[in-house]
Amino acid sequence: MEDKKELEMNKLRREVRRLKKNNETLRIANEQVIHTQEYIQKNLEKQIFYTNQLLRSTSDIIILTDKELNIIMESGGMQNIDESYNEAIHKSGGKLDSVLKLIVNDEDRKRILEAGKRALKGEKVSPLIVSVNEGSKETEWRAGIRTMESANGIVGISIIMVEVTDLLDAVEKAKDADKAKSNFLANMSHEIRTPMNAITGMSEFIIRDSKDEAAVKNAKMIKAASKSLLSIINDILDFSKIESGKLEIIKNKFYPASLLNDIITMMLVKLQDSNVELKLDIDPDIPALLNGDEDRIKQILINLLGNAVKFTKKGFIKLKVTFEEETDDRGFLIMSVFDTGIGIKEEDISKIFDDFTRVDTRRNRNEEGTGLGLAIAKNLAELMGGDLTVKSTYGKGSTFTVKVEVDVLDSEPMGELTNREKEREEEAYRPAITAKGASILVVDDNEMNLEVTEGILEPYGMEIVCVSSGREAIEKFKNQKFDLIFMDHMMPVMDGEEAMRHIRNLPGGKDAVIIVLTANAISGVGEEYKKMGFQEFLSKPIYPKNMDAIMREFLPPDKIQIQ
Ligand code: ADP
């Protein structure tokens with residue numbers, strides 16, 4: 001009995017010990033829970049503190065709203081803008097609409113709200129540019145609107161507004177600077193072309209009139225140099241137009257045979273004294289009459305062939321032209337220029353179409369160029385619905401292939417090309433006609449230009465009257481009728497257009513032949529001058545050959561004597 005009791009007691013003692021131990025474990029666990037809670041609480045406070053700091057210190061405007069567009073949280077950017085904001089937000093009951101009224105105008109407020117509502121429907125909204133009223137000044141802000149989503153879906157929106165006034169200003173300034181650059185280039189080209197007229201004209205006289213061989217040789221060099229300077233100016237002008245998106249493709253009907261003949265003749269002249277042979281592979285089945293921008297196609301070909309001549313010292317240059325039909329009345333003219341020249345390194349190939357880029361300059365340092373030609377050619381080809389590609393092996397040669405889209409006007413095959421012999425451009429030009437008995441009035445405010453034009457006209461043996469202003473031209477016309485009037489466009493006081501209009505209103509003026517002289521090299525300008533009321537235009541510098549074409553077309557036939 002005693003033993004049983006003792007056993008019972010021991011059991012109880014053990015139970016008490018176990019309970020005590022459990023109790024201790026519970027106490028420790030409880031302490032740990034309290035610790036953890038304290039830790040979480042502290043961290044939460046820290047988190048809230050930092051979030052608040054972040055919101056307070058940012059100068060951006062950050063607004064978080066619920067699904068009803070009630071503001072849940074906002075950044076200090078708002079307080080910076082309106083000090084009475086805190087009070088106002090209280091009064092407004094924290095409605096986004098009323099708060100926006102404080103900072104943006106009515107229209108922008110509606111735009112933001114509308115975008116917010118669209119975002120809440122799950123639509124993606126693009127950032128808005130809005131004006132914020134900061135007391136006395138107005139600033140521009142970019143407002144990005146996004147939805148906030150939890151596991152249960154959209155719970156509200158966030159609006160983050162960043163000030164972009166300076167950025168927009170900078171963009172505006174960059175645009176202005178770009179415009180100024182284009183204007184500068186256009187003006188500069190105009191200004192340069194005018195004195196160039198004098199240079200080419202004067203050298204032309206020396207070549208024609210001088211008996212001194214050395215002087216003639218020098219004059220030819222001046223003429224060649226001014227020609228290449230003119231082509232650089234044209235490149236820069238084209239390039240600035242491509243950059244500003246102002247370059248237009250002007251389609252007209254053209255005969256591919258005649259275009260190719262001109263190009264081939266030019267090449268034969270260029271390669272006359274070189275060891276490089278010109279090979280041709282021209283498909284006779286190219287349609288006879290096409291519609292496209294002949295001048296621009298010529299410009300690309302001249303550039304590619306010009307490069308081939310520059311970079312090929314021996315072997316041959318081949319021009320291959322084919323036609324790829326797309327539909328009955330449209331297709332691609334495909335022109336390839338092969339050369340056995342220096343070739344282009346593989347790593348340079350991708351660079352050659354970049355603006356102002358020339359490669360392998362150590363080897364090419366003696367060659368003239370701006371590095372603009374291929375950039376322009378590629379852009380032109382693309383504007384004409386095609387492209388320009390290149391394949392090259394360094395040391396062996398290159399192939400440039402240009403593709404342009406054209407309309408077919410006459411699908412008859414153009415046939416085999418015959419190489420018409422043309423007179424060399426470098427030779428002085430002697431007109432094959434005279435026009436004794438004809439009279440001509442030349443109007444230009446620049447003395448030098450008057451002299452050049454007079455000099456070019458002199459061999460025709462006609463009466464030449466020169467005046468230096470629109471007003472004088474009108475006075476002269478009142479007393480004498482002329483067979484032809486050359487009128488400079490840009491003149492101070494009264495420009496050529498105004499003078500032409502005055503003359504048109506005088507007796508006999510309606511049918512007077514008035515040709516405008518212009519340094520404006522922009523293509524398509526001819527049509528504009530015709531619309532103004534001029535019969536034709538002649539671009540400066542004046543080449544005697546172009547002048548001769550005008551003489552033949554516009555002088556009365558009975559006053560022309562064939563030599
Ligand atoms: P430019 O000839 O005025 O320098 P381009 O834009 O026409 O400018 O040509 C850019 C560069 O591409 C040239 O300077 C030359 O390095 C390279 N290149 C062009 N055509 C050829 C060619 N046929 N053979 C070798 N290199 C060429």
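Read the numbers this way: they start at 1 and go in the same order the structure lists the ligands and their atoms.
Ligand 1 has no nitrogen or oxygen under 3.5 angstrom from a nitrogen or oxygen of F400.
With 3.5 Å as the limit, one finds no donor-acceptor pair spanning the side chains of N234 and Q299. Donor-acceptor pairing under 3.5 Å is recorded for the side chains of Y460 and D548. Remark: the T165 side chain and the E140 side chain contain no N/O donor-acceptor pair separated by less than 3.5 Å.
The side chain to side chain contact (heavy atoms under 4.5 Å, CB included) test applied to I206 returns S210, A215, A219, not counting sequence neighbours.
Ligand 1 places these atoms under 4.0 Å from at least one heavy atom of G343: 25 (C). Atoms of ligand 1 lying under 4.0 Å from at least one heavy atom of K310, given by number and element, are 1 (P), 2 (O), 3 (O).
Between atom 25 (C) of ligand 1 and the options V337, I376, I344, the minimum heavy-atom separation is to I344. Considering only non-hydrogen atoms, atom 23 (N) of ligand 1 lies nearest to D339 out of I342, D339, N307, T340.
Put simply, no part of G341 is less than 4.0 Å from ligand 1, judged by heavy atoms.
Within the structure, side chain to side chain donor-acceptor pair (under 3.5 Å) contacts touching residues 275-286 (residues at least two apart or in different chains) do not occur.
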